Amino acid sequence: MQHATIRTTVGRNEPNVYRRTLARAIEIAGGVEPLALFLASTPSEIARWTSGESAPPMPFFLAMVDIAAANALTATALENLPAARARRSTWIPAPDSR
């Protein structure tokens, strides 16, 4: 007996955990520009994450998770960002990611 499998592909425009978390962080911050300022990012970078063109680097994503969990822009969220600020301009993949 054969079992049918359901095959689905997730497109870039479909909501995923990154885009849902980002949408909530934008809502909490009061807009893209305030969130970009808080994350030391740019509105254009956040627009790429929002559109699904790219996913936010993990430190940014973790900061947005902290923002969404606390329902506020918090110092805890900022704890994830010092490494992110340094890596944004010179991205070096972690040794385990190869």
Side-chain angles (χ1 to χ4, degrees):
M1 177 178 192
Q2 283 188 329
H3 296 281
T5 58
I6 299 172
R7 297 185 69 159
T8 59
T9 57
V10 176
R12 288 190 181 266
N13 292 329
E14 293 182 31
N16 60 32
V17 68
Y18 296 104
R19 292 176 66 202
R20 288 190 310 268
T21 303
L22 174 58
R24 183 66 182 128
I26 290 169
E27 182 181 342
I28 291 166
V32 170
E33 290 188 20
L35 181 64
L37 184 63
F38 182 81
L39 296 176
S41 183
T42 64
S44 62
E45 186 173 32
I46 291 178
R48 285 192 300 276
W49 302 340
T50 303
S51 71
E53 183 181 327
S54 64
M58 191 54 64
F60 286 96
F61 174 68
L62 294 175
M64 289 184 284
V65 168
D66 287 336
I67 290 166
N71 201 32
L73 304 179
T74 65
T76 303
L78 291 176
E79 290 175 10
N80 291 304
L81 294 175
R85 289 184 183 126
R87 283 193 281 175
R88 268 203 359 244
S89 59
T90 57
W91 179 257
I92 300 171
D96 298 339
S97 66
R98 294 181 193 172

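As the structure is a prediction and not an experimental result, all values here were calculated from the model.
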Test: side chain to side chain donor-acceptor pair (under 3.5 Å). Region: residues 59-69. Which pairs qualify, not counting sequence neighbours? Asp66-Asn80

Just by modelled atom types, is the Thr50 backbone N or O under 3.5 Å from a matching donor or acceptor in the Arg19 side chain? yes

Any chance you could measure [X], atom [atom1], to [Y], atom [atom2], to the nearest 0.5 Å?
X: Ile46; Y: Ser51; atom1: CD1; atom2: OG; result: 12.0 Å
X: Glu45; Y: Glu53; atom1: CD; atom2: CD; result: 11.0 Å
X: Tyr18; Y: Phe61; atom1: OH; atom2: CZ; result: 6.0 Å
X: Met64; Y: Thr21; atom1: CE; atom2: OG1; result: 7.0 Å

Listed partners of Glu27 passing side chain to side chain donor-acceptor pair (under 3.5 Å), at least two apart: Arg24

Work out which heavy atom in Trp49 is nearest to a heavy atom in Pro57; give both atom names and the distance.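 That would be CZ2-CD, 3.6 Å.
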
Here the pair of heavy atoms bringing Ile67 nearest to Ala77 is CG1-CB, 3.7 Å

Contacts table for residues 28-40: side-chain donor-acceptor under 3.5 angstrom, sequence neighbours left out:
none

